[in-house]
Q: 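Let me begin by handing over the structure; questions about it come next.
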Amino acid sequence: MEFRHLGRSGLLVSEISYGNWITHGSQVEEEAATACVRAALDTGITTFDTADVYAGTKAEEVLGRALKGERREGLEIFTKVYWPTGPGRNDRGLSRKHIMESINGSLRRLQTDYVDLYQAHRYDYSTPLEETMEAFADIVHSGKAHYIGVSEWKASQIRQAHALARELRIPLVSNQPQYSMLWRVIEAEVIPTSEELGVGQIVWSPMAQGVLSGKYLPGQPPPAGSRATDEKSGAGFIASWLSDDVLTRVQRLKPLAEQAGLTMPQLAVAWVLQNPNVSSAIVGASRPEQVHDNVKAAGVKLDADLLKAIDEIVEPVTERDPAKTESPARRP
Ligand SMILES: NC(=O)c1ccc[n+]([C@@H]2O[C@H](COP(=O)([O-])OP(=O)(O)OC[C@H]3O[C@@H](n4cnc5c(N)ncnc54)[C@H](OP(=O)(O)O)[C@@H]3O)[C@@H](O)[C@H]2O)c1
């Protein structure tokens, strides 16, 4: 495993981190979840990403049990707040009340006294940013989180929050956006702003939820046991990537991966890591073999000719519009 600084902070994170969205507490049984976490630890992953909302709060519990007994100082545990965690009108968003309640719930479920990074899972247009940042500051100053991050925030929102964080003397060090060969909306605005401010990207769905593994074939039903067959939640989230146009182009990447001596999952994960503003690529996995495959992308250098050849294939189906970085206009 290779390690990178999280933005311009002193915190080192594994280039590849393990995330448990859709899988833990939902798509996969606890035994498989624990085996994936074990595989992550065995292959040198030290950074784990979850959220209060995943699997209706069950994902944090599963991760907490799977990491129990590990040396806490050897791990970086990240979680998030914003999406609903209960039926009440205050069980969501970035109000002081919800942030304070949510961090306590997360720490209890994760069985830890602190998280290394606490992230605003989206921008909340109905809470003053000052209120949110002051609540984060109290959390950092009380030792419940060491660093603060955001997720899917626009460049202008990151800039405003960063200025407040400096005033409040708390480290806002990361943004967590979607980023892959197929989804590059952060390149035009979020990345240049983040570079200037010392904010690093921890990118999600680097494999476009498994699509860039090449296992979904155009015109054919999805393979059994894949996310696209998970009716509980996965199938709904991956659906937009399963057009024949996208899948045909992904198949054309296979010879490029072979020539580079990489598997398709490794090519996809290595691709996001070529961007120096990316601190870590968060991969998901429904079985331990996937973790063993994916971690080999750490430290891989892709040459300019290969990057150009990839661009030529995927360009027509790649999304680049910075306006696609958007949080819900109203609290969910
Ligand atoms: N901040 C946000 O708003 C946000 C949103 C989404 C995700 N995230 C974070 O990002 C993490 C990763 O997201 P993601 O799970 O969509 O990432 P991903 O790495 O793009 O997709 C992971 C899925 O692809 C399949 N896969 C992984 N490795 C494979 C391999 N070697 N061969 C074949 N299939 C493979 C698995 O699904 P199957 O085996 O089931 O097909 C796996 O669960 C999440 O867990 C979460 O921590 C954050």
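Remember, it's a predicted structure, so these values are computed and weren't measured experimentally. In each ligand, atom 1 is the first atom listed, and ligand 1 is the first ligand listed.
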Q: Side chains of Thr50 and Asn20: do they bring a donor and an acceptor to under 3.5 Å?
A: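 Result is yes, a qualifying pair exists.
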Q: Taking the six-membered ring for Trp, is the centroid-to-centroid distance between Phe48 and His24 below 6.0 Å?
A: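 No, they do not, as the ring centres are separated by 6.0 Å or more.
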Q: Check Asp52 with Lys80, please: is the shortest side-chain N to carboxylate O separation under 4.0 Å?
A: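 Salt bridge: no.
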Q: For a quick check under 3.5 Å, do Thr47 and Ser14 share a side-chain donor-acceptor pair by atom type?
A: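 Side chains of Thr47 and Ser14: pair found under 3.5 Å.
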Q: If we only consider heavy atoms of Glu152, is any one of them less than 4.0 Å away from an atom in ligand 1?
A: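 Glu152 does not count as a contact of ligand 1 under the 4.0 Å cut-off.
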Q: For Tyr54, which part has a heavy atom under 4.0 Å from ligand 1: side chain, backbone, both, or neither?
A: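 Within the 4.0 Å criterion, Tyr54 contacts ligand 1 through side-chain atoms alone.
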Q: So, Arg184 and Thr318: side-chain donor and acceptor under 3.5 Å apart, yes or no?
A: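 Side chains of Arg184 and Thr318: no pair found under 3.5 Å.
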Q: May I ask you to identify the nearest protein heavy atom to atom 12 (C) of ligand 1, giving residue, atom name and distance to one decimal place in Å?
A: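 The answer is Ile282 O, 3.3 Å.
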Q: Does Gly86 offer a backbone N or O that forms a donor-acceptor pair with the side chain of Arg92 under 3.5 Å?
A: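 At least one qualifying donor-acceptor pair exists.
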Q: Give the atom numbers and elements of ligand 1 that come within less than 4.0 Å of a heavy atom of Ser226.
A: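 Contacts of ligand 1 toward Ser226, numbered from 1: 40 (O), 41 (O).
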Q: Show me which atoms of ligand 1 lie under 4.0 Å from any heavy atom of Pro265.
A: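 Those of ligand 1 that fall under 4.0 Å from Pro265 are 30 (C), 31 (N), 32 (N).
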Q: Heavy-atom contacts under 4.0 Å between Gln27 and ligand 1: side chain, backbone, both, or neither?
A: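 Side chain only; the backbone of Gln27 stays clear of ligand 1.
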Q: Is a side-chain donor-acceptor pair under 3.5 Å present for Lys296 with Gln266?
A: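 Lys296 and Gln266 do not have a side-chain donor-acceptor pair below 3.5 Å.
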Q: What do we get for Ser180 next to ligand 1 when only non-hydrogen atoms under 4.0 Å count, side chain, backbone, both or neither?
A: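 Looking at Ser180 and ligand 1, no heavy atom falls under 4.0 Å.
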Q: Is the gap between the ring centers of Trp83 and Tyr54 under 6.0 Å?
A: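 For Trp83 and Tyr54, the ring centres are not under 6.0 Å apart.
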Q: Give a yes/no on ligand 1: does Tyr179 have at least one heavy atom closer than 4.0 angstrom to it?
A: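 Contact absent.
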Q: For atom 44 (C) of ligand 1, what's the nearest protein heavy atom and its distance?
A: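 In this structure, atom 44 (C) of ligand 1 has Trp21 CB, 3.4 Å as its nearest protein heavy atom.
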Q: Taking 4.0 angstrom as the limit and counting only heavy atoms of Ser286, give me the atoms of ligand 1 inside it, by number and element.
A: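 Per the distance check, 38 (P), 39 (O), 40 (O), 43 (O).
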Q: Closer than 4.0 Å to some heavy atom of Ala285 - which atoms of ligand 1 meet that?
A: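 Result: 42 (C), 43 (O).
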Q: With under 30° as parallel and over 60° as perpendicular, where do the rings of Trp271 and Tyr179 fit, or are they tilted in between?
A: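 Rings of Trp271 and Tyr179: tilted, 30 to 60°.
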Q: Between Thr46 and Glu76, does any side-chain donor sit less than 3.5 Å from a side-chain acceptor?
A: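 Side chains of Thr46 and Glu76: pair found under 3.5 Å.
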Q: Taking the six-membered ring for Trp and the single ring otherwise, decide whether the centroids of Tyr114 and His146 are under 6.0 Å apart.
A: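 Between Tyr114 and His146, the centre distance is under 6.0 Å.
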Q: Does the N or O separation between Lys80 and ligand 1 drop below 3.5 Å for any pair?
A: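 For ligand 1, there is no N or O atom that lies under 3.5 Å from one belonging to Lys80.
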Q: Just need the protein heavy atom nearest to atom 47 (O) of ligand 1, so name the residue and atom and give the distance.
A: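 Of the protein heavy atoms, Asp49 OD2, 2.6 Å lies nearest.
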Q: Using a 4.0 Å heavy-atom cut-off, which part of Tyr82 comes near ligand 1: side chain, backbone, both, or neither?
A: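 None of Tyr82 does.
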Q: Look at atom 15 (O) of ligand 1 and say which protein heavy atom is nearest, naming residue and atom and giving the distance to 0.1 Å.
A: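 Going by distance alone, atom 15 (O) of ligand 1 is nearest to Arg227 NH2, 2.7 Å.
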Q: Identify the closest protein heavy atom to atom 10 (O) of ligand 1: which residue and atom is it, and at what distance?
A: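 Scanning the protein heavy atoms, the shortest distance from atom 10 (O) of ligand 1 goes to Trp204 CB, 3.1 Å.
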Q: How far is atom 22 (C) of ligand 1 from its nearest protein heavy atom, and which residue and atom name does that atom have?
A: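 Of the protein heavy atoms, Gly284 O, 3.5 Å lies nearest.
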Q: Where on Asn294 is there a heavy atom closer than 4.0 Å to ligand 1, on the side chain, on the backbone, on both, or on neither?
A: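 For Asn294, the contact with ligand 1 is made by the side chain alone.
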Q: Determine, for Arg38 against Glu70, whether the closest basic-nitrogen to carboxylate-oxygen distance falls under 4.0 angstrom.
A: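 Answer for the salt bridge query: yes.
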Q: What part of Gln178 sits under 4.0 Å from ligand 1 if we count only heavy atoms: the side chain, the backbone, both or neither?
A: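 No part of Gln178 is near ligand 1 at this cut-off.
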Q: Among protein heavy atoms, which lies nearest atom 3 (O) of ligand 1, and at what distance?
A: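 Going by distance alone, atom 3 (O) of ligand 1 is nearest to Arg122 NH1, 2.9 Å.
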Q: Between Tyr82 and Gln119, do the side chains contain an N or O donor and an N or O acceptor separated by less than 3.5 Å?
A: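 Gln119 and Tyr82 do not have a side-chain donor-acceptor pair below 3.5 Å.
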Q: Using heavy-atom distances, let me know which of Gly19, Ala208, Ser17 sits nearest atom 45 (O) of ligand 1.
A: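 Shortest heavy-atom distance from atom 45 (O) of ligand 1: Gly19.
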Q: How about Asn175 and Gln201: does a side-chain donor come under 3.5 Å of a side-chain acceptor?
A: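 Note: Asn175 and Gln201 side chains meet the donor-acceptor criterion.
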Q: For the 3.5 Å polar cut-off, considering only N or O atoms, please tell me whether Val283 and ligand 1 meet it.
A: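 Among all N and O atoms of Val283, none is under 3.5 Å from an N or O of ligand 1.
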Q: Which ligand 1 atoms are under 4.0 Å away from a heavy-atom of His121?
A: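 Within the 4.0 Å cut-off of His121, ligand 1 contributes 1 (N), 2 (C), 3 (O).
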Q: Starting from atom 17 (O) of ligand 1, what is the nearest protein heavy atom, named by residue and atom, and what distance separates them?
A: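 I find the closest protein heavy atom is Ser205 CA, 3.4 Å.
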Q: When you measure from the heavy atoms of Phe237 to every atom of ligand 1, does any distance fall below 4.0 Å?
A: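 It does not; every heavy atom stays at 4.0 Å or beyond.
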Q: Check the side chains of Lys154 and Gln157 for a donor-acceptor pair under 3.5 angstrom, ignoring hydrogens and angles.
A: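 Looking only at side-chain atoms, Lys154 and Gln157 do not form any donor-acceptor pair under 3.5 Å.
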Q: Looking at ligand 1, does any of its N/O atoms fall within less than 3.5 Å of an N/O of Asp293?
A: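 It does: an N or O of Asp293 is found under 3.5 Å from an N or O of ligand 1.
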Q: Enumerate the atoms of ligand 1 whose separation from the nearest heavy atom of Tyr216 is less than 4.0 angstrom.
A: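 Reading through ligand 1 atom by atom, the close ones are 41 (O).
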Q: Where's the contact between Ser151 and ligand 1, heavy-atom distance under 4.0 Å: side chain, backbone, both or neither?
A: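 Looking at Ser151 and ligand 1, just side chain atoms fall under 4.0 Å.
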Q: Between Arg122 and Glu326, does any side-chain N to carboxylate O distance fall below 4.0 Å?
A: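 A salt bridge is absent here (no side-chain N lies under 4.0 Å from a carboxylate O).
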Q: If you define the side chain from C-beta out and look only at heavy atoms, does anything of Leu247 sit under 4.5 Å from Leu217?
A: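 Not in contact.
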Q: One residue to check: Lys215. Relative to ligand 1, which of side chain, backbone, both or neither has a non-hydrogen atom less than 4.0 Å away?
A: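 It is the side chain that touches ligand 1; the backbone stays farther off.
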